[in-house]
Amino acid sequence: MKRVVVAPGDGIGPEVIPPALDVLRFFHPDWEYIPVYLGYECWKRTGDALSAKTLDVLKKADLILFGAITTPPDPKYHSVVLRIRKELDLYANLRPVFGNGFDILIVRENTEGLYSGIEWQEKDRACTLRVVSEAGSRRIARFASACAKKRRRHLTIGNKANVMKSDAYFLEICMDEAEKAGISIDKKYIDSLVLDVLQHPSRYDVIVTTNIFGDILSDAAAYLEGGLGMLPSANIGKSQALFEPVHGSAPDIAGKGVANPIAAIRCVSLLLKYNGEKPLATEIERAIQKTITDGIKTPDLGGTASTEEVGRAVLQNLVNVKKETVDQ
Ligand code: IPM
Ligand code: MN
């Protein structure tokens with residue numbers, strides 16, 4: 001029995017989370033599902049985007065399924081996603097990207113770097129402090145090395161150590177942890193890494209990098225899978241994890257019923273894997289592949305199906321697999 005907090009959020013979040021939740025409930029009808037209301041719409045209505053009560057509910061969750069949040073250009077508004085990552089200390093942001101002949105795991109540091117939140121405005125300049133701590137770097141380096149050890153034992157360290165001392169420090173710690181784990185490494189400057197991942201994706205296994213570099217790299221890498229509608233992410237802490245699509249709230253297509261629910265459904269796949277149920281995650285991936293092969297695709301993938309139609313097809317494919325297994 002798990003406590004799953006479900007936070008659809010803003011924009012297309014409330015459109016893509018229901019089909020994802022259907023899939024999770026299909027496998028775990030007896031888990032506890034707790035909906036929470038947060039985000040920009042919540043802020044407009046209540047004056048608070050993330051109340052202390054909601055934060056408390058999130059802190060008590062085992063697992064969190066998260067949609068997307070709109071961040072308005074209001075200096076008084078602090079990003080809810082970033083606050084949750086910090087408050088729950090979800091330090092590892094995993095973004096798997098895989099397809100024909102490639103299988104990459106981007107491991108993004110999720111609590112510091114340029115997202116340290118230490119910023120100030122002076123008369124004629126604004127400053128953001130890029131914090132790279134030993135503890136923060138060591139735990140993400142250890143996490144990424146452990147992932148690589150279970151995969152193809154190779155770690156690429158995305159960095160800009162030629163320019164920034166903070167990255168030279170990050171690189172040194174990552175190399176140290178990789179050596180302890182007995183895996184091979186290569187170091188790559190982040191700018192050329194972004195290009196090389198797109199040109200030669202099969203050369204990569206696990207990639208570890210600092211916060212904003214991981215943010216940019218993962219959006220670029222989404223190109224390999226047909227766009228942002230496909231990529232899920234897992235934000236992992238010591239004893240909790242939050243799963244959210246890499247895409248944002250996409251206000252331009254919100255309310256039209258055409259958002260691609262695959263990233264959100266894949267979040268469920270990551271959630272189940274995290275919960276030690278890898279075979280179920282594989283079943284979901286198969287059901288998604290079949291849906292795409294059958295041509296049931298949202299417009300971002302060149303199809304004409306709606307969010308609901310894709311969600312229904314994936315669920316139906318899962319039901320069919322179960323039936324076949326029972327019939328045999
Ligand atoms: C992401 C998003 C977030 C980030 C935003 C919404 C704060 O782009 O999860 O990739 O920058 O981390
Ligand atoms: Mn991003």
What do the steps show when you test Lys59 against Asp89 for salt bridge (Lys or Arg N to Asp or Glu O under 4.0 Å), and what is the final call? CA-CA 10 Å; Lys59 282 186 175 167; Asp89 201 22; over 6 Å; no
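- Summarising the geometry, atom CD belonging to Glu32 is positioned 4.5 Å from atom CZ belonging to Arg3; distances are rounded to the nearest 0.5 Å.
- Using a cutoff of 4.0 Å between basic side-chain nitrogens and carboxylate oxygens, Arg153 and Asp205 are not scored as salt-bridged.
- Using a 4.5 Å heavy-atom cutoff, the side chains of Leu82 and His78 are not in contact.
- No donor-acceptor distance shorter than 3.5 angstrom exists from the side chain of Gln121 to the backbone of Cys127, with no hydrogens or angles considered.
- When every heavy atom of Val197 is checked against every heavy atom of Ala221, the shortest pair comes out as CG1-CB, 4.3 Å.
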Checking Val268 against Leu280 for the side chain to side chain contact (heavy atoms under 4.5 Å, CB included) test, could you report, in this order, the C-alpha distance in whole Å, the side-chain angles of both residues, the deciding distance, and whether it holds? CA-CA 10 Å; Val268 172; Leu280 302 187; over 6 Å; no
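- Relative to the six-membered ring of Phe213, Arg130 meets both conditions, a distance below 6.0 Å and an angle of at most 45° to the axis.
- A donor-acceptor contact shorter than 3.5 Å links the side chain of Glu109 to the backbone of Thr111.
- Closest non-hydrogen pair, Leu198 versus Leu224, comes out as O-CD2, 3.8 Å.
- A salt bridge is absent between Glu309 and Arg312: the closest approach of a Lys/Arg side-chain nitrogen to an acidic carboxylate oxygen does not fall below 4.0 angstrom.
- Note: the hydrophobic cluster containing Leu193 also contains Ile216 (ILVMFWY, side chain heavy atoms under 4.5 Å, direct or indirect links).
- When the shell of 6.0 Å around CD of Glu308 is examined, it contains 12 or fewer heavy atoms from other residues, nucleotides or ligands.
- With hydrogens and angles disregarded, a donor-acceptor distance shorter than 3.5 Å links the side chain of Glu15 to the backbone of Gly255.
- Between the side chain of Ser145 and the main chain of Ala141, a donor-acceptor pair closer than 3.5 Å is present.
- Tyr37 has its side chain out of reach of Thr54: every pair of non-hydrogen atoms, C-beta onward, lies at least 4.5 Å apart.
- Of the inter-residue distances, the one linking Ser233 atom OG with Asn93 atom CG reads 4.5 Å to the nearest 0.5 angstrom.
- Looking at Lys290, its side chain never comes within 3.5 Å of a backbone N or O of Val314 through a donor-acceptor pair.
- In Lys273, the NZ atom is not crowded: 12 or fewer heavy atoms of neighbouring residues, nucleotides or ligands sit closer than 6.0 Å.
- Heavy-atom contacts from other residues, nucleotides or ligands closer than 6.0 Å to NZ of Lys278 number 12 or fewer.
- Between Ser239 atom OG and Leu88 atom CG the span is 8.5 Å, to the nearest 0.5 Å.
- Contact record, Ala305 with Val310: CB-CG2, 4.0 Å, taken as the closest heavy-atom pair.
- With hydrophobic clusters built from ILVMFWY side chains whose heavy atoms lie under 4.5 angstrom apart, Leu155 shares a cluster with Ile236.
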Show which side-chain atoms of residues 241-250 pair as donor or acceptor with protein atoms under 3.5 Å away, not counting sequence neighbours.
| unit_1 | atom_1 | unit_2 | atom_2 | d |
| --- | --- | --- | --- | --- |
| Glu244 | OE2 | Arg85 | NH2 | 2.9 |
| Glu244 | OE2 | Asn235 | ND2 | 3.3 |
| Ser249 | OG | Thr70 | OG1 | 2.7 |

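- The shortest distance between side-chain heavy atoms of Val97 and Ser218 does not fall below 4.5 Å.
- Closest approach of Glu112 to Ser137, counting heavy atoms only: OE2-N, 4.0 Å.
- Aromatic ring pairs are classed by plane angle as parallel below 30°, tilted from 30° to 60° and perpendicular above 60°; the pair Trp31 and Tyr33 is tilted.
- Among all heavy-atom pairs drawn from Cys42 and Asp48, the shortest one is SG-O, 3.2 Å.
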Side-chain polar contacts of residues 168-176 - donor-acceptor pairs under 3.5 angstrom, sequence neighbours left out - could you list them?
| unit_1 | atom_1 | unit_2 | atom_2 | d |
| --- | --- | --- | --- | --- |
| Asp176 | OD2 | Arg138 | NH1 | 2.8 |

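- Between Lys160 and Asp191 there is a salt bridge, since at least one side-chain N of the basic residue sits less than 4.0 Å from a carboxylate O of the acidic one.
- For Lys44 and Tyr40, the positive end sits near the middle of the six-membered ring, less than 6.0 Å away and at most 45° from its axis.
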Derivation and outcome, side chain to side chain contact (heavy atoms under 4.5 Å, CB included), residues Val23 and Leu315: CA-CA 6 Å; Val23 169; Leu315 193 61; 4.3 Å; yes
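- You'll find the side chain of Lys150 stays beyond 4.5 Å of the side chain of Leu105, heavy atoms only.
- Under the 4.5 Å side-chain contact rule for hydrophobic residues, Leu270 and Leu231 do not share a cluster.
- For the pair Gln240 (side chain) and Leu58 (backbone), a donor-acceptor distance under 3.5 Å is present.
- One finds a salt bridge joining Glu285 and Arg266 here, because a Lys/Arg side-chain nitrogen approaches an Asp/Glu carboxylate oxygen to under 4.0 Å.
- For Arg25 and Asp30, the salt-bridge test fails: no basic side-chain N is under 4.0 Å from an acidic carboxylate O.
- Residues Thr156 and Val208 form no side-chain contact, since every pair of their non-hydrogen atoms from C-beta on lies 4.5 Å or further apart.
- Salt bridge present: Arg125 and Glu122 bring a charged side-chain N and a carboxylate O closer than 4.0 Å.
- Residues Lys188 and Asp196 have side chains in contact (heavy-atom distance under 4.5 Å, counting atoms from C-beta outward).
- Residues Ala313 and Ile296 share a closest heavy-atom pair of CB-CD1, 3.8 Å.
- Counting only distance, with no hydrogens or angles, the side chain of Lys256 and the backbone of Asp252 share a donor-acceptor pair below 3.5 Å.
- For the side chain to side chain contact (heavy atoms under 4.5 Å, CB included) criterion with Val4, the lone passing option out of Leu21, Ile34, Leu24, Asp62 is Leu24.
- In the hydrophobic clustering of this structure, Val258 does not group with Ile265; members are Ile, Leu, Val, Met, Phe, Trp, Tyr whose side-chain heavy atoms approach within less than 4.5 Å, directly or through other members.
- At a cut-off of 3.5 Å, with distance as the only test, a side-chain donor of Thr298 or Asp300 sits close to an acceptor on the other residue.
- Between the Thr307 side chain and the Gly257 main chain, a donor and an acceptor come within less than 3.5 Å of each other.
- No side-chain N or O of Asp167 forms a donor-acceptor pair with one of Asn159 less than 3.5 Å apart.
- Under a 3.5 Å cut-off, the side chain of Asn275 and the backbone N or O of Glu277 do not form any donor-acceptor pair.
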Between His154 and Asp186, is the side-chain hydrogen bond (donor to acceptor under 3.5 Å, both in side chains) condition met? List the steps. CA-CA 8 Å; His154 186 74; Asp186 69 296; 2.5 Å; yes
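- Residues Tyr115 and Asn110 have side chains that never bring a donor and an acceptor to within less than 3.5 angstrom of each other.
- Cation-pi geometry between Arg108 and Phe143 is not met at under 6.0 angstrom from the ring centre and within 45 degrees of the axis.
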side-chain hydrogen bond (donor to acceptor under 3.5 Å, both in side chains), that's the test. Do Tyr204 and Asp103 meet it? Break it down for me. CA-CA 7 Å; Tyr204 294 91; Asp103 181 2; over 6 Å; no
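- Expressed to the nearest 0.5 Å, how far CG of Leu50 lies from OG of Ser79 amounts to 10.0 Å.
- Between Thr128 and Glu119, the side chains place a donor N or O and an acceptor N or O closer than 3.5 Å (distance only, hydrogens not considered).
- Thr291 and Asn317 share a side-chain donor-acceptor pair at under 3.5 Å.
- In this structure, the side chains of Thr209 and Ile157 stay at 4.5 Å or more apart for every pair of heavy atoms.
- Summarising the local packing, CZ of Arg152 is surrounded by more than 12 heavy atoms from other residues, nucleotides or ligands at distances under 6.0 Å.
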